[in-house]
Amino acid sequence: MSAPPGDTAAGAAVLDLFERVDEHDRRLALTTATGTALAAFNEAGLLTAADVHVATGLGRAAGEKDADVVLAAAVATRAVRSGSVAVDLAALATHGAQALPELPWPDPAGWTGVVAGSRLAAAGGLVVEDASGLVYLQRYHHQEVQVAADLRARAALGPPEVDEEVLSAGLTRIFPGEGYAEQRAAAEVVVRSRTGVITGGPGTGKTTTVAGVLTLLAEQAAAAGQRPPRVGLAAPTGKAAARVKAAVDRALDEIEARTEASSGRAVVDRLREVEPRTLHRLLGWRPGSRSRFRHHRGNRLPHDVVLVDEASMVSLTQMARLLEALRPAARLILVGDADQLVSVEAGAVLADLVAAVPEHDAPGRDMADHDAPDTSAGQGGPDEAARPAPLALARLRTVHRFGETIGALAHALRVGDADAVVDALSAGSEEVRWERGPEPEAYLRQVLTGQALDILRAARTGDDDATLAALHRHRLLCAHREGHRGVRRWNHLVETWMAEETGLSFYEPMYLGRPLLVTANDYATGVLNGDTGVVVASQTPAGAPVRMAVIDGTGGRTRYAPSRLGDVETMHAMTIHKAQGSQAQEVTVLLPELDSPLLTRELFYTAVTRAERQVRVLGSEEEVRAAVERRVVRASGLRQRLS
C-alpha cells in the first residue's frame, strides 16, 4: 500500500536490487562516467540504465550540475518503475546508508532541500512537496493533484437527487431480509453518492450489490421520466470486464425473479444490454499512446454511470484519465478488494481512496446515515472541515463463499495477524493444508502429475466438460515466473514427470492435454487475456483425427484450431498476479523465498482467496510470518490530499 511520508519502509521498498547477468547486462548504463554517483548506484543494482538515462536527460535539459539532484531524479524514476508515484529522499538515504553503506548516499537531512532549490525543480522536472517531503517526477505529481481535485470537484456538486419512495421500495425488493442487510446498506450509500467505492474480499457480495445499484439507478431514472441511464461497464483487463458482465447478468436474473411488475422487469432487461469493455477501450484507445485517449475534458464520455470492477488494479494514470473524461454529473462506481495486489503500474489508488475516507458503523443509526461518508474528513480550519468527503465508501465484510478455516485464514491475512495466520494453517482442517518442508517437489509431484494425467485422459476422449473440470480442479500459484519456485520451472517439471509416467514426449507445442493460459486479448476470436483452456482430441467431418483448443472464456466454451490462437502459455502453474480475479476448487500457494520482494501480505492474501474449497500453503513458518509482516509499500500522497 502507499506509504505515509517519512515511513522508512518507503525507502526500503526502493532498495530492491537487480543481479547483473554479466558485464554486458542491458541494465548497466555503459556510457555513464566511471566514479560518478550514478555509476556507483547502477553498478550496485539499485538503478537501471533506464533510470540513469532519464535522470541525465532531465538534468541536461534543465542545465542541472548538482550530482545529488540528478541522483534524486534517478531514484524518483526508479520509484515509479517500482510502483510508487514519489520517493521520500530522507527515508531512502537513511535506510540506504544502513543497507548499502558502500554507496555515496547524500545527507538525509539536507537532500530534499537541495532538490527543492535546484534548477531541475525550478524547471519543473522534479516537484518537492513541502508538507510531506515527497519528491515526484512532474507528470505523476500533476496526475495525483488532478485526481484529488477532480474528486473534490465532483463532491462539491452535492449529492444527486433521489426519489425516496422509489429508493425505499427498490431496496426492500432487491435486497430482501436480514441476509442482504449489508449489501442493502452499501447499495444505498452508493445510490446517494456521485462517486462511490464498494470494497470487500472475495465472496462478500460485491457483484450482487453492483447489480442492485444499477437497477436502483435505472428505477430512479424511470421514476423521473428520464431515459434509461447509459452505463459504462469496465475493468482493467478484458477477462475481468467479461467476468463482471457475466456475474452481473446472473445477479440481474435473481433481481428479475423478485420483480413482479412488468415495468420493473423491463428496467432489468435493458441493463443486460450493457457491453463490458477494458478501461482502455472505454476511454478510447489511441494507437501510439499509452497515456492519452480519445475521451478527455474536451470530449467527455457519454455515460451517465461508469462502473469499474477490479479497481485495485487501476493505476494513478488510468484513474486520472478516467476522472477527466467523466461528465460532471455522471456517477462513478469503483469496485474492488483494497487488500489485494495493486496495479502493476505506478499507484495504489483504490487503497488510497479507502484509507482516505473513514467509515461510520455506529449502531442504531438510520439506514440513510449508517454508512454515510464523513463530511468533515478534512483537516484544518472551519472551511476545510465543512468540505464534503470526496467519495462515499461502503465496505462489505461478511464472506459467503469460503468455509470457516479458509475464511479465518483470509481474515487473519487481511488484518495482518501473523499468529492467527499460523494458527489457521496449523488447525489440521481439510480446508487448509500446510507443508513446511524446504523442498516442495516430493509433495507436489503426486498432486500435479495426478491432475495432469486426469486432464490428458479426458482430452483424449474429446470430452470438453470432463477436460475443463479436471483443469479447474486445482491451481498451482507461484509468485515469480522465473527461478527455483517460478512458473517456468514448475511447468517444465510437470511435463518431465508426465513423460516419466506415460513414456510420451511433450516437446510438441500443442501436445494433447496441454493446459493453456491466454496472455493477450484477441478481439477477432473473442479470446481474452486470462482465459484458460486445454488441447483436446477431435476429428474432421471426414473422420480424420485433429487437435482443437477448447477455451473456457467468460462468454462460454469455444473450440479453436490451435493455429488460430496467438499468445498462449502452458498452465500447469501460473503466477498469482495472473490468477487475480479467478477461482479454483483447490489452490496450492508456493511462497517465494525470504529474500523475494514479492513475499508480501497482499500477494499471500490474493493467492489464498483464489480457493473455493481447499488451499495448500507451501513454505516455512519464517516465510509465512515474513509475508504477513511485509506490505506492498507504495509512496504516494493521494490519501493525505483527500483526508
Side-chain angles (χ1 to χ4, degrees), residues 143 146-147 150 195 206-207 210-211 214 228-249 252 270-327 330-336 342-347 349-350 517-532 551-556 558 560 564-568 577-578 580-582:
Q143 289 175 358
Q146 178 205 316
V147 167
D150 284 346
T195 305
K206 295 191 296 293
T207 303
V210 163
L214 294 179
R230 289 168 291 193
V231 178
L233 184 63
T237 67
K239 177 70 171 179
R243 187 185 299 115
V244 69
K245 166 63 174 174
V248 166
D249 282 350
L252 289 174
R270 280 192 292 269
L271 290 174
R272 291 196 181 90
E273 300 172 4
V274 175
E275 290 297 324
R277 299 182 182 181
T278 63
L279 198 51
H280 279 76
R281 286 171 69 88
L282 178 76
L283 292 172
W285 176 72
R286 290 170 56 181
S289 176
R290 295 182 58 189
S291 60
R292 290 293 175 181
F293 301 92
R294 185 163 53 85
H295 291 288
H296 45 72
R297 292 194 197 280
N299 181 30
R300 307 273 190 169
L301 288 166
H303 304 95
D304 305 297
V305 180
V306 172
L307 189 148
V308 180
D309 193 42
E310 295 290 354
S312 64
M313 302 193 311
V314 176
S315 68
L316 177 66
T317 299
Q318 290 173 326
M319 185 59 68
R321 299 297 172 251
L322 174 61
L323 286 170
E324 70 181 14
L326 289 174
R327 293 186 296 111
R331 311 277 194 122
L332 174 62
I333 305 169
L334 303 175
V335 185
V342 293
S343 166
V344 295
E345 298 181 13
V349 178
L350 183 66
L517 173 66
V518 179
T519 58
N521 294 333
D522 184 346
Y523 295 106
T525 61
V527 175
L528 300 177
N529 184 8
D531 283 347
T532 56
I551 299 298
D552 192 10
T554 307
T558 309
Y560 300 93
R564 291 192 64 194
L565 298 179
D567 298 317
V568 295
H577 275 85
K578 281 288 187 181
Q580 195 164 356
S582 66

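These figures come from a predicted structure and were not determined experimentally. Excluded from the calculations below are hydrogen atoms, water molecules and symmetry mates; all remaining heavy atoms, backbone and side chain alike, are included. One-based numbering along the sequence shown.
Legend: residues meeting side-chain hydrogen bond (donor to acceptor under 3.5 Å, both in side chains) with Ser312, ordered by chain and number and at least two apart, are absent. Partners of Asp249 by salt bridge (Lys or Arg N to Asp or Glu O under 4.0 Å), not counting sequence neighbours, listed by chain and number: Lys245. Residues meeting the side chain to side chain contact (heavy atoms under 4.5 Å, CB included) test with His303, sequence neighbours left out: Leu282, Leu301, Val306. Applying the side chain to side chain contact (heavy atoms under 4.5 Å, CB included) test to Ala211 and every residue at least two apart in sequence or in another chain returns Val248, Ala251, Leu252, Ile255. Legend: residues meeting side-chain hydrogen bond (donor to acceptor under 3.5 Å, both in side chains) with Asp150, ordered by chain and number and at least two apart, are Gln146, Arg297. For Arg327, the side-chain hydrogen bond (donor to acceptor under 3.5 Å, both in side chains) test picks out Asp304, with sequence neighbours left out.
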Q: Report the C-alpha distance between Ile333 and Val305 in whole Å, list the side-chain angles of each, state the deciding distance to 0.1 Å, and finish with yes or no for side-chain contact (heavy atoms from CB on, under 4.5 Å).
A: CA-CA 8 Å; Ile333 305 169; Val305 180; 4.0 Å; yes

Q: Using the side-chain contact (heavy atoms from CB on, under 4.5 Å) rule, take Lys578 and Thr519 through it: C-alpha gap first, then chi angles, then the decisive distance, then the call.
A: CA-CA 9 Å; Lys578 281 288 187 181; Thr519 58; 4.2 Å; yes

Q | Derivation and outcome, side-chain contact (heavy atoms from CB on, under 4.5 Å), residues Leu322 and Leu332 | A | CA-CA 10 Å; Leu322 174 61; Leu332 174 62; 3.9 Å; yes

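Atoms CG and OG1, on Asn529 and Thr278 in that order, are 11.0 Å from each other to the nearest 0.5 Å. Atoms CZ and OG1, on Arg564 and Thr558 in that order, are 10.0 Å from each other to the nearest 0.5 Å. Between the CD atom of Gln318 and the CG atom of Leu279 there is a distance of 5.5 Å, given to the nearest 0.5 Å.
Atom CZ of Arg270 is surrounded by more than 12 heavy atoms from other residues, nucleotides or ligands within 6.0 Å.
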